[in-house]
Amino acid sequence: MSENLPVSDRTNQNVSGLRAECLSFPEIISQSFANVAPTAAPTVSVGLVFANAGNGTWLTFAIAMIGVVFVGLNISQFARRSASPGSLYAYISMGLGSTMGVISGWSLLLAYLFAGMAVVAAFSNFANVLLSLIGLELSPIFLFAICTGVGWYLAYKDIQLSTKLMLGLEAFSVSLLLLIALIVLFKHGFAIDMSQLSLKDTKPDGLILGLILAIFSYTGFESATALGDEAKNPLKFIPAAVVLTPILCGLFFTLLAYTEVLAFSGYSTPLDKSDSPINDVANIAGVGFLGLLITIGALVTFFSCVIACINAGSRILFTMARHGIFHNAMGLAHRSNRTPHIAITMLSIILFIVPASMSLFSLQILDIITYMGTLATYGFLTAYISIAIAAPVYLYRQRILNILDIAIAVLAVLFMLIPVVGSVYPAPPFPFNVFPYLFLMYLCVGGAWFLMLRLHSPEVIENIEDELEKIHAKFSEMKKI
């Protein structure tokens with residue numbers, strides 16, 4: 001018996017063949033949390049933001065949270081009315097048509113792939129930090145293989161298994177960092193740091209530069225939308241996850257930024273010069289023994305992020321394949337696991353090969369993290385701006401658009417344009433000055449591919465539009481009931 005489940009087999013599951021209504025709200029929100037990788041900001045991003053924003057670092061993360069929440073509210077306009085494993089690709093197609101939907105889906109595929117590559121490299125880096133404590137160091141390529149191999153198996157085997165594991169891993173790492181923050185605040189008598197609240201020596205241009213980096217810390221928050229076929233009560237749980245994730249992560253980032261800056265106040269090494277800020281914070285607070293646990297926490301959050309990237313990216317690839325944009329095999333679901341196993345396998349292979357090849361060419365791990373993370377961000381920003389434009393268009397067609405919806409969409413676009421403009425002006429050093437144009441070339445390739453499909457296989461457009469109409473009709477009927 002074939003392990004592949006064809007689209008036509010509808011027995012006790014979604015038309016797509018994925019496991020229907022199996023994920024609870026905690027499991028759904030764990031997908032978005034894991035994709036954000038909340039431990040990464042306190043361990044890496046806070047120091048970078050501080051270099052620009054100084055005492056305004058906490059405010060920078062708070063402002064970034066507001067901007068990302070505006071994007072989430074636009075996503076929720078679709079998520080409250082329909083659900084699909086196509087994620088923002090399906091939503092943008094509903095609002096702006098199939099061409100923009102496909103370009104955005106193409107963009108998100110790059111985003112999840114390259115974000116996965118960045119965190120695979122980060123996993124390797126932190127794994128060797130741990131191993132160095134016992135005098136060992138393993139090849140980065142071997143660690144890439146371990147990380148992607150185990151991530152592939154968990155995503156391939158069972159969506160519930162992978163989401164439950166991500167939930168546990170994120171709870172562990174976030175709880176550990178909250179403990180560190182509370183210890184720092186306790187050591188300072190929970191006194192208010194007026195230097196931070198008054199934004200002492202903070203300049204507006206520094207806040208803007210810091211905001212670019214802070215917004216990057218939230219990317220991936222929308223990935224719960226890829227679980228549309230597998231979520232229980234998707235019209236309630238998914239929009240809640242999309243809005244709550246940036247709020248909860250934003251509060252967490254703001255608190256950790258505040259406590260890190262507080263802890264480093266008067267310390268011999270400035271926060272932006274520290275190689276391991278959280279470990280230094282633990283030492284300053286007199287709990288240096290927690291350094292090992294902090295490193296383990298960072299390691300597991302990067303691993304859970306890899307799983308989240310595979311889960312989200314594979315479901316977009318799966319949906320686009322079912323519409324005829326990619327090979328039909330990518331749109332098959334495993335008969336017993338009910339996961340998009342071929343799409344998962346393909347993404348996992350690419351996820352390993354690219355950073356492994358870069359490592360073979362002697363590229364440093366930190367460079368792989370930075371380069372892949374930067375390119376991934378362009379993919380996310382393209383999708384975020386597109387969804388913010390698509391939402392009011394969609395609402396207008398449904399004859400339910402109001403002034404507040406327009407304001408939320410405009411604010412979301414304006415916030416997301418900050419990092420877009422900041423990535424090209426002033427011109428960054430090489431190779432970052434080339435990355436925006438490489439990404440534009442990638443979009444052009446995707447657009448040309450879709451144009452060719454439209455010319456030679458016009459039924460592709462019909463496939464997309466027919467399925468989107470069926471999805472919309474299905475959930476409209478459900479809401480009436």
Visitor: According to the interplanar angle, ranging from 0 to 90°, do the rings of Tyr371 and Phe435 count as parallel (below 30°), tilted (30 to 60°) or perpendicular (above 60°)?
Guide: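 Correct class here is perpendicular.
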
Visitor: Between Gln31 and Ser223, is there a side-chain donor-acceptor contact under 3.5 Å, judged purely by atom types and distance?
Guide: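 Indeed, the side chains of Ser223 and Gln31 share at least one donor-acceptor pair under 3.5 Å.
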
Visitor: As a quick check of understanding, evaluate ring pair (Phe, Tyr, Trp, His ring centres under 6.0 Å) for Tyr384 and Phe221, giving each step before the final call.
Guide: CA-CA 11 Å; Tyr384 295 166; Phe221 76 96; 5.3 Å; yes

Visitor: Checking the side chain of His334 only, and the main-chain atoms of Thr339 only, is there a donor and an acceptor separated by less than 3.5 Å?
Guide: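 Not confirmed, His334 side chain does not pair with Thr339 backbone.
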
Visitor: Heavy atoms only: give me the nearest Leu110-Leu375 pair and the separation to one decimal.
Guide: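 Minimum heavy-atom contact is CD2-O, 3.3 Å.
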
Visitor: Report the C-alpha separation of Leu381 and Met416 in whole Å, then their side-chain angles, then the decisive distance to 0.1 Å, and conclude whether the side chain to side chain contact (heavy atoms under 4.5 Å, CB included) test is met.
Guide: CA-CA 6 Å; Leu381 291 173; Met416 293 305 107; 3.8 Å; yes

Visitor: Are Tyr258 and Phe61 an aromatic pair, judged by ring center distance below 6.0 Å?
Guide: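 Phe61 vs Tyr258: aromatic centres not under 6.0 Å.
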
Visitor: Could you state the interatomic distance from OG (Ser357) to CD1 (Ile141), rounded to the nearest 0.5 Å?
Guide: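 One finds 8.0 Å between OG of Ser357 and CD1 of Ile141.
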
Visitor: Does Phe190 have more than 12 heavy atoms from other residues, nucleotides or ligands lying within 6.0 Å of its CZ?
Guide: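 Result for CZ/Phe190: enclosed.
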
Visitor: Any ring pair (Phe, Tyr, Trp, His ring centres under 6.0 Å) pairs touching residues 20-49, not counting sequence neighbours?
Guide: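 Found Phe25-Phe237.
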
Visitor: Do you know which two heavy atoms are closest between Ala214 and Ala64, and how far apart they sit?
Guide: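 Closest approach of Ala214 to Ala64: CB-CB, 3.8 Å.
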
Visitor: Check the orientation of Phe302 and Phe126. Use parallel for under 30°, tilted for 30 to 60°, and perpendicular for over 60°.
Guide: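 Rings of Phe302 and Phe126: tilted, as their planes differ by 30° to 60°.
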
Visitor: Which atom pairs, one a donor and one an acceptor, fall under 3.5 Å between side chains of residues 165-172 and the rest of the protein, sequence neighbours left out?
Guide:
unit_1, atom_1, unit_2, atom_2, d
Glu170, OE1, Thr301, OG1, 2.9
Glu170, OE2, Thr301, OG1, 2.8
Glu170, OE2, Ser304, OG, 2.4

Visitor: If you define the side chain from C-beta out and look only at heavy atoms, does anything of Ile316 sit under 4.5 Å from Met320?
Guide: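 Contact flag for Ile316/Met320 side chains = yes.
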
Visitor: Show the numbers, then the answer: is there a side chain to side chain contact (heavy atoms under 4.5 Å, CB included) between Ile247 and Val68?
Guide: CA-CA 9 Å; Ile247 292 175; Val68 176; over 6 Å; no

Visitor: Under 3.5 Å, is there a donor-acceptor pair between the side chain of Ser274 and the main chain of Leu271?
Guide: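 Side chain of Ser274 to backbone of Leu271: no pair is present.
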
Visitor: Would you call the rings of Trp106 and Tyr442 parallel, tilted or perpendicular, where under 30° means parallel and over 60° means perpendicular?
Guide: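 Parallel, since the angle between the ring planes stays under 30°.
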
Visitor: Would you give the length of the straight line joining atom CG of Leu207 to atom CD1 of Ile63, rounded to the nearest 0.5 angstrom?
Guide: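 One finds 6.0 Å between CG of Leu207 and CD1 of Ile63.
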
Visitor: Is it true that atom CG of Leu360 has more than 12 heavy atoms of other residues, nucleotides or ligands lying nearer than 6.0 Å?
Guide: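 Yes, enclosed.
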
Visitor: With a 6.0 Å cut-off on ring centres, are Tyr267 and Phe264 close enough?
Guide: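 Between Tyr267 and Phe264, the centre distance is under 6.0 Å.
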
Visitor: Side-chain donor-acceptor contacts of residues 145-153 below 3.5 Å, not counting sequence neighbours, with atom names and distances?
Guide:
unit_1, atom_1, unit_2, atom_2, d
Thr148, OG1, Phe144, O, 2.8
Thr148, OG1, Ala145, O, 3.4
Trp152, NE1, Thr345, OG1, 2.9

Visitor: Within the distance-only criterion (no hydrogens, no angle test), does the side chain of Asn125 pair as donor or acceptor with the backbone N or O of Ala121 below 3.5 angstrom?
Guide: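 The answer is no, because no donor-acceptor pair under 3.5 Å joins these two groups.
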
Visitor: Passes ring pair (Phe, Tyr, Trp, His ring centres under 6.0 Å), Phe114 versus Tyr378? Steps please.
Guide: CA-CA 10 Å; Phe114 280 43; Tyr378 295 135; over 10 Å; no

Visitor: Is a side-chain donor or acceptor of Ser265 paired with a backbone partner of Leu262 at a separation under 3.5 angstrom?
Guide: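 Between the backbone of Leu262 and the side chain of Ser265 there is no qualifying donor-acceptor contact (under 3.5 Å).
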
Visitor: Just say parallel, tilted or perpendicular for the rings of Phe415 and Phe70, cut-offs at 30° and 60°.
Guide: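 Ring orientation, 0 to 90° scale: tilted.
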
Visitor: Assess the residue pair Leu130 and Leu292 against the criterion (side chain to side chain contact (heavy atoms under 4.5 Å, CB included)); give the C-alpha distance rounded to whole Å, side-chain angles, the decisive distance to 0.1 Å, and a yes or no.
Guide: CA-CA 8 Å; Leu130 280 175; Leu292 177 61; 3.3 Å; yes

Visitor: Say whether, by atom type as modelled, one donor and one acceptor occur between the side chain of Trp58 and the main chain of Gln196 under 3.5 angstrom.
Guide: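 Yes, because the side chain of Trp58 sits within donor-acceptor range (under 3.5 Å) of the backbone of Gln196.
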
Visitor: Could you report the tightest heavy-atom contact between Thr60 and Gly210, atom names first, then the distance?
Guide: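 Result for this residue pair: CG2-C, 3.2 Å.
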
Visitor: Applying side chain to side chain donor-acceptor pair (under 3.5 Å) to Gln77 and Tyr91, what does each step give before you reach the verdict?
Guide: CA-CA 9 Å; Gln77 296 285 13; Tyr91 295 157; over 6 Å; no

Visitor: Check for a donor-acceptor pair, side chain of Thr377 on one end and backbone N or O of Gly373 on the other, with a separation under 3.5 Å.
Guide: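 The answer is yes, because a donor-acceptor pair under 3.5 Å joins these two groups.
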
Visitor: How close do Ile29 and Thr245 get, counting heavy atoms only, and between which atoms?
Guide: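 Distance-wise, the nearest heavy atoms are CG1-OG1, 3.5 Å.
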
Visitor: Hey, what do you get for OG1 (Thr259) to CG (Leu177), rounding to the nearest 0.5 Å?
Guide: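 If we round to the nearest 0.5 Å, Thr259:OG1 and Leu177:CG are 9.0 Å apart.
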
Visitor: Please examine the side chains of Cys22 and Lys232, heavy atoms only from C-beta on, and report whether any two atoms are closer than 4.5 Å.
Guide: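 Answer no - side chains too far apart.
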
Visitor: Hey, is the main chain of Gly86 close enough, under 3.5 Å, to the side chain of Thr319 for a donor-acceptor pair?
Guide: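 Judged by distance alone, yes, a pair lies under 3.5 Å.
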
Visitor: Scan for salt bridge (charged side-chain N to carboxylate O under 4.0 Å, His left out) pairs involving residues 27-37, sequence neighbours excluded, and state none if there are none.
Guide: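 Matches after skipping sequence neighbours: Glu27-Lys164.
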
Visitor: Taking only residues at least two apart or on different chains, which pairs with a member in residues 292-317 satisfy salt bridge (charged side-chain N to carboxylate O under 4.0 Å, His left out)?
Guide: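 Salt bridge (charged side-chain N to carboxylate O under 4.0 Å, His left out) check on residues 292-317 returns Glu230-Arg315.
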
Visitor: Ignoring hydrogens and geometry, is there a side-chain-to-backbone donor-acceptor pair from Ser107 to Gly379 under 3.5 Å?
Guide: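 Yes, because the side chain of Ser107 sits within donor-acceptor range (under 3.5 Å) of the backbone of Gly379.
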
Visitor: Quick check: do Phe253 and Val36 have side-chain heavy atoms less than 4.5 Å from each other?
Guide: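 A side-chain contact exists here, since the closest heavy-atom pair is under 4.5 Å.
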
Visitor: Enumerate, atom names and distances included, each donor-acceptor pair closer than 3.5 Å involving a side-chain atom of residues 45-56, sequence neighbours excluded.
Guide:
unit_1, atom_1, unit_2, atom_2, d
Ser45, OG, Ser217, OG, 3.4
Asn52, ND2, Leu48, O, 3.4
Asn55, ND2, Lys200, O, 3.1

Visitor: Look up atom CG in Leu154 and atom CG in Leu161, then write down how far apart they are to the nearest 0.5 Å.
Guide: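 Taking CG in Leu154 and CG in Leu161, the distance rounds to 5.0 Å.
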
Visitor: Between CD1 of Ile215 and CZ of Phe380, what distance do you get to the nearest 0.5 Å?
Guide: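 Result: 14.0 Å between the selected atoms.
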
Visitor: What closest approach, in Å, do Val184 and Ala285 show between heavy atoms, and which atom pair accounts for it?
Guide: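 Answer, listing the atom of Val184 first, then Ala285: CG2-CB, 4.2 Å.
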
Visitor: Could you go through the side chain to side chain contact (heavy atoms under 4.5 Å, CB included) check for Glu137 and Leu131 one step at a time?
Guide: CA-CA 6 Å; Glu137 182 178 357; Leu131 290 171; 6.0 Å; no

Visitor: Determine whether more than 12 heavy atoms belonging to other residues, nucleotides or ligands lie under 6.0 Å from atom CD of Gln364.
Guide: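 Result for CD/Gln364: open.
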
Visitor: When you measure from the side chain of Asn337 to the backbone of Tyr156, do you find a donor-acceptor pair of N or O atoms at a distance under 3.5 Å?
Guide: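 Looks like yes, one N/O pair under 3.5 Å.
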
Visitor: Quick one: does any side-chain atom of Thr219 pair with a main-chain N or O of Phe216 as donor and acceptor, under 3.5 Å?
Guide: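 Side chain of Thr219 to backbone of Phe216: a pair is present.
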
Visitor: Going by distance alone, is a donor N or O of one side chain under 3.5 Å from an acceptor N or O of the other, for Asp229 and Ser84?
Guide: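 There is no such pair (donor and acceptor under 3.5 Å, judged by atom type) between the side chains of Asp229 and Ser84.
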
Visitor: When rounded to the nearest 0.5 angstrom, what is the spacing between CG in Leu73 and CD1 in Ile387?
Guide: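 Atom-to-atom, Leu73:CG and Ile387:CD1 are 12.0 Å apart.
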
Visitor: Can you confirm whether more than 12 heavy atoms, excluding those of Met346, are under 6.0 Å from its CE atom?
Guide: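 It does not: Met346 CE has 12 such atoms or fewer within range.
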
Visitor: Can you name the nearest heavy-atom pair linking Leu108 to Leu88, along with the distance?
Guide: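 Looking at all heavy atoms of both residues, the closest pair is CD1-CB, 3.6 Å.
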
